[in-house]
Amino acid sequence: MIIVKRIKKKISNKEINFLIKIIKKENKDSIICSLSSKILKEYLKILVKSKNFFLFLCKLKDKNIGYSILCKSPKYLLKDFNKLKFQIIIDLIFNIKILTILNILISISKIDLIFLIHKRKIINNNFNLSLLAITKKYQSKGIGEKFLKEVLKKINYN
């Protein structure tokens with residue numbers, strides 16, 4: 001049976017290390033995957049302190065096997081991490097992550113939402129599932145579905 005744990009205000013080094021590992025392995029196409037582990041650690045610390053984000057871990061037999069990050073609205077995806085923006089850009093330039101920089105520019109300019117303009121109100125007023133991953137060994141077993149259902153139940157209570 002899976003256990004769903006919300007991480008808020010404080011995150012342990014063990015949890016950070018798990019999250020960095022799974023993000024780098026299972027979310028290879030995400031913007032945050034391109035960040036250095038040092039910047040990613042700072043990102044996670046800001047995320048858990050934010051009232052606009054929800055970080056959940058999926059546990060099986062006391063072992064972390066998955067996670068999800070949700071935010072109250074897409075506008076917080078950039079806003080809450082404002083103090084990291086220069087560190088992120090320098091990190092991406094230094095590590096020659098050109099595609100990630102382009103993805104950030106597309107996100108900031110909202111070009112990615114151009115065809116969804118008529119649904120902007122719906123998008124801005126609903127939770128955004130930013131990232132979700134289950135460790136490879138536990139994929140395709142229905143765990144991700146159960147995990148996400150439990151996460152959504154917990155968010156409805158907040």
Side-chain angles (χ1 to χ4, degrees), residues 1-81 84 87-88 91-92 95 97-104 106-108 112-113 115-116 119 122-158:
M1 182 164 141
I2 65 166
I3 296 168
V4 177
K5 176 184 176 188
R6 179 170 177 206
I7 308 295
K8 50 183 171 178
K9 297 188 180 161
K10 192 167 183 183
I11 186 167
S12 73
N13 284 330
K14 182 180 176 183
E15 292 164 337
I16 288 173
N17 292 335
F18 165 75
L19 287 164
I20 290 172
K21 183 178 175 184
I22 195 169
I23 288 168
K24 297 282 187 184
K25 191 167 185 166
E26 303 297 341
N27 296 116
K28 293 177 184 168
D29 295 329
S30 69
I31 290 173
I32 68 168
C33 177
S34 297
L35 301 177
S36 68
S37 294
K38 179 183 173 187
I39 300 289
L40 193 48
K41 184 175 184 176
E42 292 305 311
Y43 171 89
L44 292 167
K45 287 180 179 180
I46 291 170
L47 184 137
V48 298
K49 290 178 184 174
S50 171
K51 64 181 189 290
N52 300 312
F53 282 85
F54 298 85
L55 170 61
F56 291 93
L57 292 180
C58 180
K59 297 174 152 292
L60 186 65
K61 298 178 185 173
D62 274 342
K63 181 180 178 185
N64 293 320
I65 63 163
Y67 82 103
S68 68
I69 297 174
L70 294 95
C71 67
K72 289 183 178 178
S73 172
K75 67 183 174 188
Y76 300 118
L77 291 171
L78 297 172
K79 184 180 175 190
D80 282 22
F81 303 101
L84 273 182
Q87 293 174 8
I88 290 171
D91 184 65
L92 294 173
N95 292 304
K97 301 288 186 169
I98 305 300
L99 289 177
T100 303
I101 294 169
L102 288 173
N103 280 336
I104 290 172
I106 288 169
S107 180
I108 290 170
D112 56 336
L113 298 176
F115 295 111
L116 299 173
K119 299 199 182 226
I122 294 170
I123 292 168
N124 288 334
N125 294 324
N126 286 289
F127 282 95
N128 178 283
L129 177 60
S130 301
L131 290 167
L132 170 71
I134 299 293
T135 305
K136 188 79 165 168
K137 178 180 174 183
Y138 298 98
Q139 292 176 9
S140 300
K141 299 178 191 282
I143 292 173
E145 180 182 358
K146 289 176 188 171
F147 173 53
L148 197 50
K149 283 180 181 177
E150 288 301 313
V151 165
L152 293 173
K153 280 183 197 175
K154 289 183 180 281
I155 285 178
N156 282 332
Y157 295 122
N158 290 325

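Each residue takes its place number in the sequence, starting with 1.
Atoms OG and CD, on S68 and E150 in that order, are 11.5 Å from each other to the nearest 0.5 Å. In this structure, K63 NZ and L60 CG are separated by 8.5 Å, a value rounded to the nearest 0.5 Å. A distance of 11.5 Å separates CD of E42 from CG of L35, quoted to the nearest 0.5 Å. Distance check, rounded to the nearest 0.5 Å: CD1 of I39 to OG of S34 gives 12.5 Å. Note that CD1 of I143 and CD1 of I134 are 7.0 Å apart. Values are rounded to the nearest 0.5 Å. One finds the CG atom of L70 at 13.5 Å from the NZ atom of K154 (value rounded to the nearest 0.5 Å).
At distances below 3.5 Å, not a single donor-acceptor pair connects side-chain atoms of T135 with backbone N or O atoms of K137. The backbone N or O of S36 lies less than 3.5 Å from a partner atom in the side chain of D91, making a donor-acceptor pair. Although no hydrogens or angles enter the test, the distance criterion places no donor-acceptor pair under 3.5 Å between the side chain of K49 and the main chain of K9.
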Could you walk me through whether L19 and L55 pass the side chain to side chain contact (heavy atoms under 4.5 Å, CB included) test, one step at a time?
-> CA-CA 10 Å; L19 287 164; L55 170 61; 3.8 Å; yes
Audit row: L148, L129, side chain to side chain contact (heavy atoms under 4.5 Å, CB included) steps and yes/no | CA-CA 10 Å; L148 197 50; L129 177 60; 4.3 Å; yes
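In terms of the side chain to side chain contact (heavy atoms under 4.5 Å, CB included) criterion, residue partners of K5 (sequence neighbours excluded) are, by chain and number, I7, E15, K59. When the ring pair (Phe, Tyr, Trp, His ring centres under 6.0 Å) test is applied to Y43, the partners found at least two apart in sequence or on another chain are F81.
Under the 4.5 Å side-chain criterion, counting only non-hydrogen atoms from C-beta, K153 is not in contact with V4. F54 places a side-chain heavy atom less than 4.5 Å from the side chain of K72. Side chains of N27 and Y67 form a contact here, defined as non-hydrogen atoms less than 4.5 Å apart. Under the 4.5 Å side-chain criterion, counting only non-hydrogen atoms from C-beta, F53 is not in contact with I46. N13 is listed as a side-chain neighbour of I16, based on a closest heavy-atom distance under 4.5 Å.
Under a cut-off of 6.0 angstrom, the local environment of NZ in K41 is sparse, with at most 12 non-hydrogen atoms contributed by other residues, nucleotides or ligands.
The minimum heavy-atom distance linking F147 with F56 is given by the pair CZ-O, 3.7 Å. Closest approach of S30 to L131, counting heavy atoms only: CB-CD2, 3.7 Å.
Residues in residues 3-37 take part in no ring pair (Phe, Tyr, Trp, His ring centres under 6.0 Å) pair, two or more places apart or across chains.
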